[in-house]
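What follows is one structure encoded as structure tokens, with my remarks underneath.
Every number for a ligand or one of its atoms is a count from 1 in the order of the listing. Note that the structure is predicted; figures quoted are calculated from it, not measured.
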Amino acid sequence: MARETTWVELPETRYPILFEANWLAGTSASCRDVLAEHVGKTALLVSNQTVVDLYGDRLMSELEGVKVDLHLIPEGEANKTLAELEKIIGTLIKQQHTRETTLIALGGGVVGDMTGFAAAIYQRGVPFLQVPTTLLAQVDSSVGGKTAVNHALGKNMIGAFHQPRAVLMDVAVLKSLPPREFAAGMAEIVKHALLADVSYLDWLIKKQDLILQMDDVVLSEMVRKSCEIKSAIVAEDEKEQGRRALLNLGHTFGHAIETLSGYGQCLHGEAVAIGTVMAADLSARHGWISEADVERIVQLLRTFNLPTELSESLDIAAFQAAMGRDKKARASGLRLVLLRALGRAEVVSDFDERLLSETLVRFLKV
Ligand code: NAD
Ligand code: GLY
């Protein structure tokens with residue numbers, strides 16, 4: 001497969017998302033030219049042990065002539081913290097990185113979000129590149145410039161908008177992903193289809209077997225399609241003043257699930273899958289989509305091996321408090337992303353509180 005490029009067009013900058021199969025998982029392709037364009041004399045490669053063992057050497061070989069330092073973050077969502085972020089900054093200072101350095105995030109969304117945030121704040125901002133290695137990071141977190149760490153009281157509460165200079169994909173790295181992590185990425189893909197493009201939903205249903213068999217051509221098309229949907233929305237609304245909030249379909253519920261069940265217990269994508277079903281259920285209670293539509297969503301998520309309900313009850317009052325701390329909430333109250341139709345999401349503030357309570361009772365009492 002030849003290299004393809006999608007551009008993220010923003011008011012003040014633009015950057016490429018490169019799709020180049022086997023530049024990282026194999027040696028039959030290369031991204032040396034793009035790396036050389038964006039990386040100067042020094043770089044800090046941020047990753048974790050699993051990913052660096054798999055792909056670190058290959059990336060290093062593509063960075064010939066650059067002085068590359070390495071910083072490893074401990075695995076998992078529970079380490080997406082200010083304390084771990086400070087250690088990245090510590091490495092940058094100890095290794096005497098200047099404003100001319102480039103940070104490179106090699107890994108999933110945890111590595112990407114933390115590296116991006118470190119790049120946003122180190123010496124008031126340095127460039128960074130995203131090299132996403134999970135499906136979730138390829139279709140969602142590496143694109144759009146949202147960077148953050150968690151707080152004990154709320155997910156992604158501390159962060160900044162800081163766009164990468166480029167995103168370098170290789171779908172072949174998805175072959176080494178544990179199945180549960182692959183499924184987690186599918187949750188964000190189903191989300192993209194539900195919020196923006198019903199024909200993409202039909203395509204996912206039609207191609208589900210090939211997706212599960214990890215067919216190269218179908219995976220490439222899917223990752224590219226999701227990146228296009230996300231890029232178009234980010235291009236319209238970089239700082240989430242309006243339309244970008246739609247990308248949080250399922251996330252107000254999902255973030256509350258993650259916060260209350262303990263970061264890392266339920267994967268982000270799994271929480272998003274359950275949150276998406278909760279948003280669909282509430283949309284159906286308002287009469288905007290049908291029960292059959294909700295069932296179609298549930299079936300598709302299950303096909304991709306995702307949970308569609310909790311395995312343990314959560315306290316409703318604590319859940320409502322966590323939802324109230326969501327970044328979409330305003331002083332005037334909670335706002336939820338709901339489905340007006342399949343393929344058409346909307347931020348809603350005048351939802352029926354009674355119907356929300358019904359959804360919460362149905363999903364939180366197991
Ligand atoms: P993750 O970063 O924790 O990675 C999942 C696991 O997969 C890790 O254990 C990692 O070591 C392993 N791994 C990564 N690549 C691998 C590969 N190719 N082969 C084998 N193992 C591999 O999880 P994630 O799902 O990628 O990211 C979740 C995070 O992304 C959450 O913190 C979420 O909040 C964030 N996120 C951010 C945005 C955004 O816009 N910034 C959007 C969506 C999600
Ligand atoms: N994941 C939501 C966004 O990037 O806006």
Contact (N/O only, under 3.5 Å) between R244 and ligand 2: yes

N/O separation below 3.5 Å, V110 to ligand 1: yes

H251 to ligand 2, any heavy atom closer than 4.0 Å: no

Identity and separation of the nearest protein heavy atom to atom 1 (N) of ligand 2: D140 OD1, 3.3 Å

D140 N/O under 3.5 Å from ligand 1 N/O: no

Geometric N/O contact G109 with ligand 1, under 3.5 angstrom: yes

Contact (N/O only, under 3.5 Å) between N48 and ligand 1: yes

Non-hydrogen atom of P178 closer than 4.0 Å to ligand 1: yes

N/O separation below 3.5 Å, V173 to ligand 1: yes

Structural part of N248 in contact with ligand 2, heavy atom criterion under 4.0 angstrom: side chain

Min N/O separation R244 to ligand 1 under 3.5 Å: no

Selected option - heavy-atom contact closest to atom 33 (C) of ligand 1, from Q49, Q130, K155: K155

Nitrogen or oxygen atoms of K230 and ligand 2 under 3.5 Å apart: yes

Mode of D113 contact toward ligand 1 - side chain, backbone, both, neither (heavy atoms, under 4.0 Å): side chain

Any N or O of E188 closer than 3.5 Å to N or O of ligand 1: no

